[in-house]
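Working notes, structure below.
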Amino acid sequence: MAYNECLAERVRGILTKHPTLAERRMFGGISFMLQGNFCCGVVNDDLVVRVGPESYEGALTQAATREMDFTGRPMTGWVYVAAAGLESSSALAEWVSCGVQFALSLPAK
């Protein structure tokens, strides 16, 4: 699977200040890891955000989001955000921030 390189570059630009940032191929796209934990990623034209179980239901009420069902069943705590919800830099930064907050709340791997 391919992923949107332009979106990945926009995400990369937001995350560059994090010293533990690493990138890995995952879910058929590119994943951004902080302290060894998945933060967010790009699959096709969608942003994947690990929001965590407490923020999951609220995230699904936001425009352009849907359950992440990569495995054929929903993954609680993970959402897809479609391109329509990422057009502005501030919207993308807010979603990436959600992923950052959750990833940094986990023990480092």
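Here the structure is a predicted model, which means the values were calculated and not measured.
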Item to check | Within 6.0 Å of CZ in Arg24, more than 12 heavy atoms from elsewhere | outcome: no

Checklist entry - Do Glu67 and Arg73 meet the salt-bridge criterion of a basic N to acidic O distance under 4.0 Å? => result no

Checklist entry - Okay, side chain of Asn4, backbone of Leu7: is any donor-acceptor separation there less than 3.5 Å? => result yes

Item to check | Leu92 side chain reached by Ile14 side chain, heavy atoms, under 4.5 Å | outcome: yes

Item to check | Reported CD-to-OG distance for the pair Gln62 and Ser55, which is rounded to 0.5 angstrom | outcome: 10.5 Å

Checklist outcome for this item: In terms of heavy-atom contacts, Val42 and Tyr3 come closest through O-CB, 3.5 Å

Checklist entry - Mind checking whether Val81 and Asp46 have side chains closer than 4.5 Å, heavy atoms only? => result no

Checklist entry - Should the ring pair Phe70 and Phe27 be called parallel, tilted or perpendicular, given that the plane angle runs from 0 to 90° and is split at 30 and 60? => result perpendicular

Checklist entry - Can you check ring-ring contact (aromatic ring centres under 6.0 Å, His included) on Phe38 and Trp78, steps first, answer last? => result CA-CA 10 Å; Phe38 184 94; Trp78 304 62; 4.7 Å; yes

Next on the checklist: Restricting to non-hydrogen atoms, name the atom on Glu87 and the atom on Arg10 that form the minimum distance, rounded to 0.1 Å.
Outcome noted: O-NH2, 3.7 Å

Next on the checklist: Is there a side-chain contact between Met68 and Val79 in this structure, where contact means two heavy atoms from C-beta onward sitting under 4.5 Å apart?
Outcome noted: no

Checklist outcome for this item: Scanning both residues in full, the closest heavy-atom pair of Arg66 with Leu60 reads C-CD2, 3.5 Å

Next on the checklist: To the closest 0.5 Å, what do you measure between OG1 (Thr20) and CE (Met33)?
Outcome noted: 10.0 Å

Checklist entry - Which heavy atom in Gly41 sits nearest to a heavy atom in Phe32, and how many Å separate them? => result CA-CD1, 4.1 Å

Item to check | Interatomic distance, Ile30 atom CD1 to Glu9 atom CD [nearest 0.5 angstrom] | outcome: 11.0 Å

Checklist entry - Is any side-chain heavy atom of Phe102 closer than 4.5 Å to a side-chain heavy atom of Ser97? => result no

Item to check | Heavy-atom closest contact (Cys40 atom, Val11 atom, distance) | outcome: SG-CG1, 3.8 Å

Item to check | Tyr80 side, atom OH; Met75 side, atom CE - distance, nearest 0.5 Å | outcome: 8.5 Å

Checklist entry - Looking at Ala91 and Gly85, what are the two nearest heavy atoms and their distance? => result CB-O, 3.5 Å

Item to check | Atom pair CG (Leu47) and CH2 (Trp95), whose distance is rounded to the nearest 0.5 Å | outcome: 8.5 Å

Checklist entry - Taking side chain as C-beta onward, heavy atoms only, is Arg50 less than 4.5 Å from Leu106? => result yes

Item to check | Check: Ala59 main-chain N/O paired with Thr65 side-chain donor or acceptor under 3.5 Å | outcome: yes

Next on the checklist: So, taking the atom named CD in Glu94 and the one named OG in Ser89, what distance separates them when rounded to the nearest 0.5 Å?
Outcome noted: 11.5 Å

